[in-house]
Every structure is written in structure tokens, then in C-alpha cells.
Amino acid sequence: LQASESCGIIGIFSSRQCSIDIFYGLRALQHRGQESAGIATFHEDSVHRILGPGLVHNAFTRDQVRNLNGARGIGHVRYPTTGGADPRNIQPLVVSSLAGDVALAHNGDIVNSSDLRNELHGKGWSFLSRSDSEIIVRIIIHEMSRSNGDPVLGIQKAMDRLVGSYALVMLVGDRVFTVRDPHGIKPLCLGQLSPFGLVVASESCALDVLGARFLRDVAPGEVLELTAERAVSHSVRASPNTAHCMFEYVYFSRPDSVLDGRSVYKARTEMGRALAREFPVEADVVVPVPDSGRAHALGFSEVSGIPMREGLIKNRYVHRTFIMGESEKRKRAMSLKLTPNRAVIQGKRVVLLDDSIVRGTTMGQIVQMLRKAGAMEVHVRIGSPPILSPCYYGIDMKTRDQFIAKPNQKREAICAKVAKSINANTVGYVTVEGLVRAIGKSEDDMCLGCLARGYPTSVPKERTRKLRGK
Ligand code: 5GP
Ligand code: MG
């Protein structure tokens, strides 16, 4: 099993101690990973690191963060996986090299990592972990050593070999680099810290917490260095078309973030508006599944004219039902996490809005909950099209047989089957066209791999996407 997931990353170049800013930035990125957190800084000729399991504020003690000196640093939050928290997979990774200590934090998934690993094993290399991030850092250092120790050349040469999604922040000795894969699959943006300093982070919400001014997104394929004067763009190797992950807009990113020029919140409300036009229904009340369905529900309510009410109440102290393995445990956790609000639901025809259905377990339980609370009808509306194909770039939907929707069927057939199995009166998913319009980018510039539209990079045994052109 390979260890790598969608995560959150941050990097800072400043003139004063940066560990506290990194700590708060990571807290703003907490939704991107709850399994573990880590911070690495450069101070007095070497990299120092603190790591811990759990949420950012539990992973370190106050003193650990305060005592971590250095004006340059990087941080990482790791997404929880069913495999559990192997301490070897906690990031940032730190290795020593001829160029000094190198630290790396990675968000994404390298598709050809097993090929690279096998090739390097064959050359006598060995690895400390199963993490594809270790392969990245090893290849970069190897290529650096063959390029007179030049980190920029090392990174560029490594990029020629890596296939997949990667947003990186790195310390190479006292230098801070950030890299985004040529398709821009994962988000990454740059901001100005006041009074002095630069910050890069997975999402703009981390910049807001630090009071940083948003400067721009890191360009797909860009190698950027944060320096005392400015952010130096060493090179940009973009693909002709980008492939921004649609699921960042649907679910993964925070609604107050702006990714590649598009507000996540606005995209979500537009998805809800599209749904109301594509799958209208007569009903009394629109109910969001909190929190992931809120913005979609608002858009649906606006267009349909059906009032939105809080028909489900979320216990904000319960987390992590999505990754729980045993279904009995998941069920219990779900009824702890969400409870129906009878005052809103009883005797009503309900339209239930959520961002996505993956396995269908969550929705099945919620529909049952609403019926028990006296809902007369439950119509499910989903802010993304059916998930049909695995994600190879880091989102936690990895095998075909886990999906409740099956490919090669007409839309109506999928809706009817899913409605039956989750006991809903009707089910409607936003169309791919509706989704793409809501995000406001060209279909050719999005990754829609999980919607069975083909993948932006080569993936063994899978179809690459066909660009439609202008
Ligand atoms: P299902 O029960 O259908 O497998 O999961 C769908 C639900 O999980 C939706 O409510 C959606 O908001 C949430 N979800 C979808 N993808 C992810 C993910 O990658 N991580 C987590 N934690 N939740 C997810
Ligand atoms: Mg949800």
C-alpha cells in the first residue's frame, strides 16, 4: 500500500521567527488533514523539525512551537487514512545532502511512484518509507548532485520524471522553494506577509489567518523561490492545458478560499443553482447536510424559491466519519455527528442537499434519519456528478467497487438505482456541464478523472482525457 494523500502545505520566508505563523497557517488548513502535523525550520545551518499526531493544536506543545527558531520554514497537515498513522509518513521529510539539510512537504500523489521506486531499488537505492514524497525528495537531491548542487536544476530535472499531482514546499539549506505540477492539479498560492516576508499555502484561507496579502496563484509547472527581495520565478513548465481538481471546489477546500481565481463558495452556490434548474422538484423545505452541503443548498433555494432551513444539526465536536472502516462504528458516529431537527422536518417534503455521494453510506443514513423524524418525502440533490472512477491524484476515492454509482449507465438509471438503495423519493446529480459552468473554467482545464472523463496524465490501465479544444 502506498502512503500519500491530499494534504495541506505552507512555506514561509521571513525576517523573524516563522514557526508561530506556520502553526496558525496549518490550523487554517486543518480541514485538509487531521492525522498528523509537522513543521520544519532552518536555523543555524541545519533544519529543525517538530512532528506530532492528531490535530495541529494537539500535535505540538506551545513550547515546541515557540522554541522552534528560524525565519524560514515549511509545514504540513496530513489527511487521515485507513492505514493509520505510520510515524514514518509524517511530513515534512528531512534528509541531509551535500547542499545541506533538505526538507520537503508534499500535497498530492505521484502516479508513477512504484515504477520510480522499482527503478531506484534496481540501482541499489533504499527507502525509509512507502511514501511517494520520499521518492520526490530523493530524486531532487540526486539530480541536484548531478547539476553542481543547483537546486533549481535538480527540481526541474526531477519534474521531468514525476507523473501525477504535486504541490511542494521545500527548504534546501537556507533557501525556500515551492513547486506546482504542470497541470496545477492541487491548489497553491502566494502571499505577502507584513511587514516583511512571503508565504505560500495550499489555500488562500491560510493567508487570511496570517493577515497576508494575496499576491497570486503559483502557476502550473512553476518553480518559485521565496527570497528577501521577492518571489523569484525560476521557470514555468506548464502543460498546454491545466487540470485543476474539480473536487477541491465541490468538497475539499474551504468555502472562503479562492483557488485559481475562483471563489469556492461562489462555485458551490452556482452548483446548487444549476441543480435547481436541472432537477427541479416540488417541496416545502431545502435542507443542507452540514457543513459540506450548505453553499450548494443556498444556491438551490435561491433558484427554486423553496426556503432553506436547518433540518440537520451538526455536533461540531465529532469528526472523521468518512474514513471509519467498520460500518457499525460509522453508523454510530454518524448519529452522533448529525441529528434531525424535527421542528423543520416533520410532515414536510424535504429537498436534501449535499456535495457528493461516494459510497452512499452517509446519504443512506441521513435519509433514514429524516424519515424517522417525520419527513413526508426526501428528494436528494447532489452538487457533483456521480463519482465513477478512482482518483489517482490524492483524493480519498480509490477503487471502483466502493462507488455506489456504476459507470456506463444512463443518468436516469443511475439516479433511479441510487434512489432505491438509499431509500430516497428521487435523486438528482448536477450534470458535468452544469458543474464546469459553476466552476467557471473550461472543461479542458479541469481534472474530471473521477467523473470518468479521462485523466490528465497517463495512468496505467486508464484512459487519458480527450481535450475538446476551443
Ligand atoms: P459516502 O458516505 O457517500 O462514501 O461519502 C459522502 C460524504 O462524505 C459526503 O457527505 C461528503 O461531504 C463526504 N466526503 C466526500 N469525500 C470525502 C473525503 O475525501 N474526505 C472526507 N472526510 N469526507 C468526504
Ligand atoms: Mg459531508
Side-chain angles (χ1 to χ4, degrees), residues 4-8 29-35 55 77-83 107-109 165 185-186 202 245-255 264 268 271-272 287-297 312 314-316 318-335 337-338 352-370 380-406 414-415 417-419 421-424 427 429-430 435 447 449-451:
S4 66
E5 296 294 338
S6 212
C7 301
L29 298 173
Q30 186 77 79
H31 59 288
R32 300 186 68 84
Q34 301 90 46
E35 186 182 87
L55 301 179
V77 284
R78 194 177 145 70
Y79 185 87
T81 58
T82 40
N107 172 28
D109 215 338
S165 66
I185 297 175
K186 300 292 179 186
S202 295
C245 167
M246 72 88 187
F247 208 62
E248 292 281 348
Y249 294 95
V250 165
Y251 170 81
F252 209 74
S253 287
R254 239 169 63 160
V264 172
R268 281 180 198 166
M271 290 167 205
V287 170
V289 177
D291 293 308
S292 53
R294 280 187 198 285
H296 303 92
L312 287 163
K314 181 172 176 173
N315 180 335
R316 66 181 58 173
V318 179
H319 310 280
R320 297 180 56 150
T321 49
F322 184 83
I323 50 129
M324 287 188 170
E326 304 153 57
S327 72
E328 205 41 51
K329 227 163 128 189
R330 260 188 105 196
K331 240 183 220 164
R332 171 69 60 85
M334 178 55 71
S335 53
K337 180 166 152 181
L338 284 182
L352 186 61
L353 266 289
D354 204 359
D355 64 292
S356 62
I357 296 183
V358 183
R359 294 159 295 200
T361 16
T362 311
M363 246 332 165
Q365 284 169 29
I366 294 172
V367 172
Q368 195 189 358
M369 212 182 262
L370 294 185
V380 170
R381 294 294 180 272
I382 300 297
S384 55
I387 305 295
L388 299 169
S389 205
C391 179
Y392 296 94
Y393 306 116
I395 297 289
D396 189 11
M397 22 203 215
K398 295 232 163 33
T399 56
R400 278 195 168 73
D401 43 316
Q402 75 185 128
F403 303 134
I404 187 171
K406 300 298 168 204
I414 292 179
C415 291
K417 275 198 179 154
V418 173
S421 74
I422 65 174
N423 192 24
V427 168
Y429 294 89
V430 76
L435 173 89
C447 178
C450 60
L451 308 179

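First listed ligand is number 1; within each ligand, the first listed atom is number 1.
For atom 19 (O) of ligand 1, the choice among F403, Y79, F252 with the nearest heavy atom turns out to be Y79.
Under a 4.0 Å criterion applied to the non-hydrogen atoms of R359, ligand 1 contributes the atoms 1 (P), 3 (O), 4 (O). Those atoms of ligand 1 that come under 4.0 Å of a heavy atom in D396, given as number and element, are 19 (O). Listed by atom number, the atoms of ligand 1 under 4.0 Å from T362 heavy atoms are 1 (P), 2 (O), 5 (O), 6 (C), 7 (C). Contact atoms of ligand 1 toward F247: 15 (C), 16 (N) (distance under 4.0 Å to a heavy atom of the residue). Heavy-atom contacts of D355 reach the following atoms of ligand 1: 9 (C), 10 (O), 11 (C), 12 (O) (cutoff under 4.0 Å).
For the ligand labelled ligand 1, residue V289 lies outside the 4.0 Å heavy-atom shell.
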| request: Before giving the answer on side-chain hydrogen bond (donor to acceptor under 3.5 Å, both in side chains), spell out for S202 and K186 the whole-Å C-alpha distance, their side-chain angles and the decisive distance to 0.1 Å. | output: CA-CA 8 Å; S202 295; K186 300 292 179 186; over 6 Å; no

| Given the rule in the side-chain contact (heavy atoms from CB on, under 4.5 Å) test, do V250 and L435 qualify, once you have shown the distances and angles that lead to the verdict? | CA-CA 9 Å; V250 165; L435 173 89; 3.6 Å; yes

| task | Show your reasoning for whether side-chain hydrogen bond (donor to acceptor under 3.5 Å, both in side chains) applies to D354 and S292. | result | CA-CA 6 Å; D354 204 359; S292 53; 2.8 Å; yes

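Residue E248 comes nearest to R268 through the heavy atom pair O-NH2, 3.5 Å, listed as atom of the first residue, atom of the second, then distance. Residues I395 and C245 share a closest heavy-atom pair of CG1-SG, 4.3 Å.
Of the heavy atoms in D354, only side-chain atoms (C-beta onward) come closer than 4.0 Å to ligand 1.
Here Y393 pairs with nothing under the ring-ring contact (aromatic ring centres under 6.0 Å, His included) rule; sequence neighbours left out.
Polar contact check, I357 against ligand 1: no nitrogen or oxygen pair lies under 3.5 Å apart. Considering backbone and side-chain N/O atoms, S356 never comes within less than 3.5 Å of an N/O atom of ligand 1.
A salt bridge between D291 and K314 is present, with a side-chain N of the basic residue lying under 4.0 Å from a carboxylate O of the acidic one.
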